[in-house]
Each structure stands twice: as C-alpha cells, then as structure tokens.
*Asks:* 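I have a structure I would like to understand better, so I am pasting it below and will then ask my questions one at a time.
A note on names: the letters A, B, ... follow the listed sequences, proteins ahead of strands, and every chain is numbered from 1. Values in this document were obtained by computation on a predicted structure and should not be read as measured data.
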There are 2 protein chains.
Amino acid sequence: MQLKDASMKTNAAMNDSEATTRSASTTEALRGAILAGEFRPGERMYEFGLSQRLKVSRTPIREALKSLAGEGLLDHIPNRGYYVREYSIDDIVQAYEIRAALEGLAARRAAQLGLAAQERAIIEKALHDGEMFLKRDAFSPADRTLYGEINAAFHNAIHVASQSRMLRDQLRLSQQVAPSSHRNVIAFERLDVRRRHDDHHRIYEAILCRDAGRAELLMRDHVEGVKIALIRAISRDMLPTP
Amino acid sequence: MQLKDASMKTNAAMNDSEATTRSASTTEALRGAILAGEFRPGERMYEFGLSQRLKVSRTPIREALKSLAGEGLLDHIPNRGYYVREYSIDDIVQAYEIRAALEGLAARRAAQLGLAAQERAIIEKALHDGEMFLKRDAFSPADRTLYGEINAAFHNAIHVASQSRMLRDQLRLSQQVAPSSHRNVIAFERLDVRRRHDDHHRIYEAILCRDAGRAELLMRDHVEGVKIALIRAISRDMLPTP
DNA sequence: TCAAGCAATAATGTATACATTATGCATGAA
DNA sequence: TTCATGCATAATGTATACATTATTGCTTGA
C-alpha cells in the first residue's frame with residue numbers, strides 16, 4: 001500500500017497540489033489509491049488504520065469515505081463500515097452504455113453551442129497526437145497510458161464544450177468505474193485504436209459542421225464500439241479458462 | 001422552518017422510518033427540507049444552527065451535508081460552508097435532457113430483459129390509476145401531487161426493470177433537481193397530462209413486445225416532451241413580465 | 001459435540017474541545 | 001472620505017474522548 005502522507009501542516013513544504021483541507025487531500029489520496037487498485041474489491045476500509053497510514057485523525061478520513069461513497073467507489077453499511085465497491089463485468093458494460101448515452105448528449109450540445117477557439121485547439125492537438133501515436137511500431141504498456149491521456153483530452157474538451165456542469169458530473173460518475181484489474185482487459189490492438197481514432201475525426205467534423213444529430217449518433221456509436229470491444233475481449237479471454 | 005427532531009435515542013418511540021443512525025436520519029431530514037423548498041437557493045447551511053434545530057451535534061450534520069453535496073443539492077466551499085445549490089431554468093432543462101437519455105436507456109434495457117410479473121402489475125396499476133385520474137373534472141393543486149405519484153410509480157418500475165444500480169443512481173441524480181419553486185412551473189393542463197399518459201401506454205406496449213429500440217425512442221421522446229412543455233410554460237410566463 | 005449465551009474486544013457513531021480560517025467592524029493614516 | 005490594517009467574533013476544520021454497536025471467542029449447559 002503506497003498511500004502518501006495526507007497531512008499538510010506537519011510537512012514543511014506542501015505539494016503544489018493545492019490541498020485546501022485535510023479532508024480534501026485525504027479524499028484525493030484515497031480516490032487515487034482505489035482507482036489505482038491499491039485496495040481489493042470488497043476490501044473493508046478501516047477508519048483507524050487509514051488514519052494511521054495517512055497521519056490524520058479519523059475525522060477527515062470519515063469525510064473522505066463519505067465522499068467516495070457518494071461517488072460510487074465505496075459502499076457504506078451503517079455501523080459496519082465502508083467497503084471497496086465491486087464492479088462486475090456486467091456493471092462495467094452497463095457503465096459504458098450509460099456513458100455512451102451521456103457522451104452522445106455532450107457531443108450534441110457541443111455541436112449546438114459551437115466550439116470555442118481553445119476547445120478547437122485542444123481537440124485538434126488530441127487528433128494530431130493520436131496520428132503521431134499511430135505511427136509507432138508497437139505499443140508498450142506505457143503507451144496504453146499515453147493513448148488513454150490523448151483520448152481523455154479529446155473527450156474532456158467535448159465535455160467542457162457541452163457547457164453543462166450536471167452533464168460533466170454525471171459523465172465523471174459513469175467513467176469512474178472499475179479500477180485497475182478490469183480496466184486493462186480492454187482490447188488494445190492497432191486496428192481498434194485506429195478505428196477509435198478515426199471516430200474522433202468524424203465526430204469532430206460533425207461538431208464543426210454544427211450537425212448535432214450526427215455528432216450525437218457518431219459519439220454514441222463510438223462509445224458503444226468500445227463497449228463491444230470490451231465484450232469481445234472478455235469472451236475471448238473466457239474461452240481458454242472454462 | 002419545519003425541520004423535525006432528527007435525534008432518536010432521546011425520543012422514546014422512534015418513527016417507523018427505520019433510522020439506523022443520526023447521520024442517516026439527518027440526511028433524510030435535510031434532503032426532504034431542501035426538496036420541499038424550506039431553504040432558499042443560495043442560502044447558507046450553518047452547521048451549528050442546523051445542529052441546534054435537529055438536536056444533534058455537528059458531527060452528523062456535517063456528514064449529512066457532505067452526502068447532500070455529493071447528491072448535487074448543496075455546494076461546498078472549503079472553510080466557507082455549504083450552500084443550497086441554485087438551479088437555473090437552463091440547468092433544469094439540461095437535467096431533463098440527461099434524464100431523457102437515461103430514461104431511454106432504462107426503457108431499452110427493460111425491453112431487452114423483459115418485465116417481471118410484479119413490475120408488470122405495478123405498471124398496469126399506474127396506467128389504470130392514470131385513466132381514473134383523467135376522468136376528473138378539474139385538477140386541484142393536490143391532484144398534481146397525486147399524478148406526480150402515479151407518474152413516479154410508472155417510471156420507477158421501469159428503472160427497477162432495467163436491473164442496473166448505476167443507471168438507477170444516475171437517474172435519481174438527474175431527477176433530484178430543482179426544489180419547490182421551479183417545479184410547479186410545469187404545465188399541467190388536461191391535454192398535457194392526457195398526452196403524457198398516452199405516452200406511457202405506448203412505452204409499456206413497446207416494452208411488452210420486447211421492442212428495445214422503439215421503447216427507447218418513445219421514452220426519450222416522452223421525457224423530451226416534458227422538457228418542451230416546461231420551456232413553453234416558461235416562455236409563456238415570461239411574456240407578461242418583461 | 002454442539003448450540004446458546006455471555007463477556008471482551010474492536011470497530012463505527014456521536015459529542016465536544018481545540019485549531020484554523022474567514023468576516024466584519026473599528027481604528028487610523030493618507 | 002477612503003482605504004488599509006488589525007483585532008474581535010464566528011464559522012468551519014480537526015482531534016479526541018466517550019457511546020453504541022458488531023464481532024469474536026470462550027464458557028457453559030444440554
């Protein structure tokens with residue numbers, strides 16, 4: 001368990017990570033640890049143990065746990081503590097369905113409202129970076145992270161362009177699923193990446209043309225495509241291990 | 001302010017409302033009060049004042065506030081307290097867009113998975129109750145609440161039938177918007193209610209036929225229809241008051 | 001041998017004291 | 001007057017003591 005010390009005052013020099021309160025930095029630390037898979041699904045989160053590890057009292061720990069439960073990362077059973085929420089394969093597939101619907105909506109709104117210059121720049125950079133990426137010979141594990149970032153930049157710009165806080169919040173919830181273990185199941189072959197990247201180009205064009213219906217359709221199909229790829233990858237992995 | 005005492009042990013006989021902890025009952029009490037419009041949008045929620053009113057210490061109050069912030073009912077500014085979140089008309093319209101997408105998804109899943117006998121029964125009762133309701137001569141304010149319940153029963157049954165906790169959670173978030181004030185703006189004329197109720201019949205048929213695509217389309221259009229009615233009602237109300 | 005029940009222990013829930021941060025007002029100088 | 005400064009006040013943030021609830025393991029009785 002690699003949790004960093006979340007206390008601030010005791011450490012002379014703070015991280016530049018802008019931690020306002022211990023509650024906030026504890027929340028970030030725990031969220032990161034959960035998403036990084038440092039806790040097993042179903043594992044119980046003991047307040048006292050966490051407070052010792054993070055060098056804070058139980059109070060900010062409890063606040064962090066409550067927040068993370070609200071985000072769906074933990075389950076809370078009164079008088080029985082917090083547990084890392086388990087996401088089944090089916091849950092993750094469902095999350096993609098939800099995300100597909102919401103991303104579609106975001107793309108539609110982005111097309112309706114139009115893109116700001118800065119948003120266009122970010123998207124075009126993401127498209128360019130994607131092209132560079134695809135010129136490589138092979139994809140290392142680190143490359144997956146890299147393309148993940150390029151991909152996130154593209155989608156994030158559209159979320160921002162949708163100009164809807166609620167939509168962004170809901171999208172964040174639908175994306176914040178499945179730590180580590182399940183995530184790497186996703187198929188990551190050249191053809192898949194190529195296809196998804198081409199989707200990005202088409203979606204961007206539709207948004208530029210202010211074709212809201214088309215933007216929504218393409219975006220929704222794009223995310224559904226990832227869902228399908230995931231299902232394919234799973235069923236392929238399942239066959240050898242009956 | 002009509003907040004009830006949220007403490008349990010001091011009261012000999014508890015409400016049957018199954019309160020497990022003071023945190024939980026406080027959360028319920030505050031959520032209900034906010035949704036009932038007992039706090040004005042933008043109003044600050046002082047921990048100490050609330051703790052006095054609800055006769056509990058600040059600890060459960062703080063837990064409740066954190067939960068409600070996670071649900072989107074409050075905004076939290078570190079070191080500056082919690083505030084009742086303000087939802088603009090545009091926010092509410094956006095919420096309907098999100099809800100339309102998610103309800104559509106729920107209907108699609110319900111059609112794919114099929115309805116259990118109990119779910120069918122609930123939906124048919126809601127359809128029947130709606131018919132009875134429409135036979136009335138006039139609609140009193142109390143009737144709005146009644147039809148609201150019938151409507152909620154119908155939609156809720158489909159949420160359950162979608163068999164997706166995440167979808168239900170996200171739907172709850174998208175519905176838990178706009179207390180009191182804004183909510184009553186919605187057009188509530190016979191033709192509107194008739195139309196929406198007919199939608200329900202058609203949606204149910206599509207689900208029964210396991211026509212997932214049609215169920216989704218109809219449901220989405222159904223909720224979009226409410227959105228349109230809302231926009232119409234607003235622009236109508238706007239004209240007299242420049 | 002097994003089940004029921006009862007400590008003992010450990011965890012969560014709650015209250016409260018203390019620490020830190022924001023806010024408003026008074027004071028004083030430009 | 002106007003603005004800046006600093007202190008008093010009040011609010012939130014944090015730690016901690018105490019209360020309540022779960023859990024565990026042991027004892028006891030059948």
Side-chain angles (χ1 to χ4, degrees), chain A residues 3-15 17-30 39 42-70 73-85, chain B residues 3-15 17-30 39 42-70 73-85:
Chain A
L3 295 178
K4 283 175 194 163
D5 187 333
S7 67
M8 304 161 292
K9 283 227 314 303
T10 50
N11 296 354
M14 257 306 290
N15 284 345
S17 62
E18 276 303 327
T20 52
T21 65
R22 294 209 231 295
S23 278
S25 50
T26 301
T27 305
E28 284 178 36
L30 289 180
F39 298 95
E43 183 174 346
R44 183 164 178 181
M45 306 288 276
Y46 291 99
E47 298 174 2
F48 185 69
L50 293 172
S51 76
Q52 283 190 133
R53 257 205 280 275
L54 296 179
K55 307 253 184 69
V56 296
S57 78
R58 279 176 55 219
T59 306
I61 297 287
R62 282 176 66 83
E63 301 223 330
L65 295 176
K66 185 144 293 266
S67 287
L68 296 173
L73 290 176
L74 300 175
D75 277 321
H76 176 60
I77 306 175
N79 290 315
R80 291 199 190 179
Y82 291 85
Y83 298 82
V84 177
R85 184 156 160 193
Chain B
L3 294 178
K4 283 174 193 164
D5 188 334
S7 67
M8 306 161 290
K9 284 229 311 302
T10 50
N11 297 352
M14 256 309 289
N15 285 344
S17 63
E18 276 303 326
T20 51
T21 65
R22 295 208 230 295
S23 278
S25 49
T26 300
T27 305
E28 284 178 34
L30 288 180
F39 298 95
E43 183 174 344
R44 183 163 177 182
M45 306 288 277
Y46 291 99
E47 298 173 3
F48 185 69
L50 292 172
S51 76
Q52 283 188 134
R53 257 206 280 276
L54 296 178
K55 307 252 184 71
V56 296
S57 77
R58 280 175 56 218
T59 307
I61 297 288
R62 281 175 67 83
E63 302 224 326
L65 294 176
K66 185 142 291 261
S67 288
L68 296 173
L73 291 176
L74 300 175
D75 277 321
H76 176 60
I77 306 176
N79 290 315
R80 291 198 190 178
Y82 291 85
Y83 299 80
V84 177
R85 182 156 163 193

*Asks:* What's touching nucleotides 6-12 of chain C from the protein side, N or O pairs under 3.5 Å?
*Replies:*
unit_1	atom_1	unit_2	atom_2	d
C:dA11	O3'	A:R44	NH2	3.3
C:dT12	OP2	A:E47	N	3.3

*Asks:* Look at A:S23 and D:dT14 and indicate whether a side-chain polar atom (N or O) is within less than 4.0 Å of OP1 or OP2.
*Replies:* yes
*Asks:* Hey, are the side chains of A:L65 and A:E47 touching, using non-hydrogen atoms and a 4.5 Å cut-off?
*Replies:* yes
*Asks:* Taking atom C1' of C:dC18 as reference, at what distance in whole Å does atom CZ of A:R22 sit?
*Replies:* 13 Å
*Asks:* Given that A:Y83 and A:S57 both sit by DNA chain D, which one's nearest nucleotide is further toward the 5' end?
*Replies:* A:S57
*Asks:* Are any non-hydrogen side-chain atoms of A:Y82 and A:K66 less than 4.5 angstrom apart?
*Replies:* yes
*Asks:* Write down the distance between CD (A:E63) and P (D:dA15), rounded to a whole number of angstrom.
*Replies:* 11 Å
*Asks:* Heavy atoms only: give me the nearest A:T21-B:P78 pair and the separation to one decimal.
*Replies:* CG2-CB, 4.1 Å
*Asks:* In the structure I gave you, are the side-chain heavy atoms of B:R85 and B:L73 within less than 4.5 Å of one another anywhere?
*Replies:* no
*Asks:* Under the side chain to side chain donor-acceptor pair (under 3.5 Å) test, which residues partner B:S67, sequence neighbours left out?
*Replies:* none
*Asks:* So, do A:E63 and A:T26 sit near enough that their side-chain heavy atoms are less than 4.5 Å apart?
*Replies:* no
